[in-house]
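Next up is a structure, given as structure tokens.
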There are 2 protein chains.
Amino acid sequence: MANVSGEMKAAAASPSPCDDCDIRDLAICGTLRLDEVRRLNSIMTSINFAAGDPVVDEGEPADFVYTLTAGAVRLYKLLADGRRSVTGFLFPGDFLGVSIRGNYGASAESITPVTMCRFQRTELERLMEEIPTLERRMFARATEELYLMQEQIVLLGRKSAAERVASFLRGLAERQEKRHLPANPVIVPMTRTDIADYLGLTTETVSRTITQFKSKGLISVESASRIRIVDNDQLDDLAEAV
Amino acid sequence: MANVSGEMKAAAASPSPCDDCDIRDLAICGTLRLDEVRRLNSIMTSINFAAGDPVVDEGEPADFVYTLTAGAVRLYKLLADGRRSVTGFLFPGDFLGVSIRGNYGASAESITPVTMCRFQRTELERLMEEIPTLERRMFARATEELYLMQEQIVLLGRKSAAERVASFLRGLAERQEKRHLPANPVIVPMTRTDIADYLGLTTETVSRTITQFKSKGLISVESASRIRIVDNDQLDDLAEAV
DNA sequence: CGGAGTTTTGATTACGTTCAAATCATGTGG
DNA sequence: CCACATGATTTGAACGTAATCAAAACTCCG
């Protein structure tokens with residue numbers, strides 16, 4: 001269950017309701033002035049989720065914007081008959097709920113225990129009007145997201161199962177490096193079914209492909225959630241990096 | 001070949017270099033003041049393309065931002081071995097080249113004869129800083145685009161061939177209505193191969209699926225590029241509208 | 001008309017899915 | 001601390017959807 005810490009502290013006299021997350025780590029804060037960071041901080045609230053908790057539901061009014069500070073989250077959409085499409089995974093530093101449309105575009109669930117910082121949308125928007133740098137950074141984030149989605153469209157539209165899994169592993173490694181973590185081993189917090197729903201495949205095909213990579217010596221599977229990339233070049237070739 | 005009309009007129013004394021396109025039709029101009037519209041107009045240039053012309057190349061420096069005023073454009077990305085993924089189609093009112101990243105994320109080619117308005121990116125960005133409403137509208141556009149891309153990810157990841165083609169036809173009809181045109185017949189300016197590369201299928205499968213819809217009485221094919229939706233409800237069911 | 005490109009149709013193949021079951025982790029209670 | 005239960009992962013066999021290969025029919029311009 002979600003445990004909201006900030007709201008209680010806000011009721012107390014604390015001027016800074018978000019102690020659990022260091023705001024200076026957030027990607028949006030890059031070039032903000034100290035007073036601007038303080039104002040952003042003042043509208044933040046920290047929330048914890050246990051593994052598997054729902055965070056937001058597709059279609060609900062998007063009253064809050066979140067940034068992930070610890071853990072991993074899956075985004076997904078469901079078809080009427082229950083088929084699921086995982087549209088993305090969030091790691092620390094990523095945003096959730098940024099859109100001008102009034103409703104969340106996808107549901108979100110925690111994969112691991114998760115800590116997030118939450119902003120009331122209306123307050124964040126007011127702050128964005130006052131701090132143009134902030135708005136520009138959010139815009140930059142949105143276009144970065146557009147780029148990644150285009151890559152995913154190419155993957156889903158034209159890549160083979162092996163190419164999809166290779167691209168996926170390479171992508172996880174890249175994101176680890178961006179977060180200043182070692183690229184190896186790749187930490188895979190999501191299930192094979194999550195991966196399958198993300199890559200447009202079945203659990204079985206994902207599993208078989210990973211086994212195949214293992215026997216070809218491209219990777220070594222230390223555990224289901226720890227995969228070491230052994231032959232980076234060959235994996236990159238498979239991923240069809242353009 | 002691209003025919004640039006505005007630049008020549010700019011050399012002449014004309015204060016408004018973009019005569020071919022009425023700027024008030026552009027989606028971004030909704031709530032701008034008259035003087036703001038004038039300033040936007042002053043940095044615009046009109047360009048014409050013949051059918052099949054390249055407009056921008058993936059990876060090139062994104063020096064210009066375009067809006068389409070007449071015709072249709074396809075966006076695509078290529079894999080190293082030549083496989084193509086069409087990431088979207090543009091119709092009048094749509095933008096091309098909006099991103100903070102320095103380079104175009106996809107190539108663009110005209111499908112029909114096309115008229116576009118072109119902005120120097122640096123000038124548009126300067127104007128965006130001066131006119132916050134403009135920036136907010138561009139941001140809204142970007143988030144709208146994100147929503148559509150998520151829909152496409154669901155389509156490519158989890159829908160059958162028939163569902164994809166049904167969704168595609170429904171989408172074209174919707175966009176016609178948004179442009180205040182009749183929803184029927186659906187005008188299909190792109191080739192079957194374009195559609196296939198957009199839906200992650202082959203030309204043959206697209207063609208067979210359309211034939212199948214025709215024989216089921218869902219549509220009637222007036223010509224390859226004019227399709228009338230006969231049984232809207234059944235087509236919507238197939239499209240798995242959520 | 002003529003002819004190139006596009007679309008449609010047909011036959012076969014292949015990749016990934018589906019259905020089924022065994023094995024492996026993970027965490028819980030005795 | 002181990003036995004057990006539950007869910008995740010892996011492996012196996014058969015199947016089906018869409019791809020591939022091939023060719024005919026149709027469009028649409030010149």
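Here the structure is a predicted model, which means the values were calculated and not measured. Only heavy atoms go into these numbers, but all of them, side chains included; no hydrogens, no water, no symmetry mates.
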Could you please spell out the steps behind the side chain to side chain contact (heavy atoms under 4.5 Å, CB included) verdict for A:Glu145 and A:Gln150? CA-CA 9 Å; A:Glu145 190 116 346; A:Gln150 248 182 4; over 6 Å; no
What's the separation between atom CG in B:Leu156 and atom CD1 in A:Ile153, rounded to the nearest 0.5 Å?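 These two atoms lie 6.5 Å from each other.
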Distance alone, cut at 3.5 Å: any donor-acceptor contact between the side chains of A:Ser110 and A:Asp53? no
Would you check, one step at a time, whether the test side chain to side chain contact (heavy atoms under 4.5 Å, CB included) holds for A:Thr87 with A:Lys77? CA-CA 7 Å; A:Thr87 57; A:Lys77 288 168 80 80; 4.1 Å; yes
Test A:Arg228 against A:Ile219 for side chain to side chain contact (heavy atoms under 4.5 Å, CB included), laying out the working first. CA-CA 5 Å; A:Arg228 184 170 295 276; A:Ile219 60 174; over 6 Å; no
B:Val186 vs B:Ile229, side chain to side chain contact (heavy atoms under 4.5 Å, CB included): CA-CA, chis, key distance, verdict: CA-CA 7 Å; B:Val186 179; B:Ile229 296 176; 3.8 Å; yes
Report yes or no: is the cationic atom of A:Arg74 (NZ for Lys, CZ for Arg) under 6.0 Å from the centre of the six-membered ring of A:Phe89, at an angle within 45° of the ring normal?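 No, A:Arg74 and A:Phe89 do not form such a contact.
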Touch class at under 4.0 angstrom, heavy-atom based, for B:Ser207 against every strand present: base
Starting at atom CD of B:Glu222, determine the distance to atom P of C:dT7, rounded to an integer number of angstrom. 17 Å
Do nucleotides 14-25 of chain D as a string where each nucleotide becomes B, S or -: B if the base has a protein heavy atom under 4.0 Å, S if just the sugar-phosphate does, - if no protein is that close. ----SSBB----
For atom CD of A:Glu163 and atom P of C:dC15, their distance in whole Å: 12 Å
Euclidean distance, atom CZ of residue B:Arg192 to atom C1' of C:dT9 [Å, nearest integer]: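 Roughly 14 Å, once rounded to whole Å.
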Looking at B:Asp94 and B:Phe91, would you say the former's side chain and the latter's main chain have a donor-acceptor pair under 3.5 Å? yes
Are A:Glu204 and A:Arg192 ion-paired here, with the side-chain N under 4.0 Å from a carboxylate O?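 No, no charged N to carboxylate O under 4.0 Å.
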Considering just the side-chain nitrogens and oxygens of B:Thr191, establish if one lies under 4.0 Å of OP1 or OP2 belonging to C:dG5. no
A:Arg83 CZ - C:dT17 P separation (whole Å): 13 Å
Without swapping roles, check the side chain of B:Lys159 against the backbone of B:Ala239 for a donor-acceptor pair under 3.5 Å. yes
Check nucleotides 28-30 of chain D against the protein and report each pair of N or O atoms closer than 3.5 Å, with its distance, or say if there are none.
none

Donor-acceptor pair, distance only, cut-off 3.5 Å: does the side chain of B:Asp231 make one with the backbone of B:Gln234? yes
Overall bend - the helix from C:dC1-D:dG30 to C:dG30-D:dC1, comparing terminal axes fitted on five pairs, nearest 10 degrees: 40°
Starting at CD of A:Gln212 and ending at P of D:dT9, how long is that distance when rounded to a whole Å? 18 Å
Length of the CG-C1' vector between A:Asp197 and D:dT9, whole Å: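 Distance, rounded to whole Å: 15 Å.
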What is the distance, to the nearest angstrom, from the CZ atom on B:Arg226 to the C1' atom on C:dT6? 19 Å
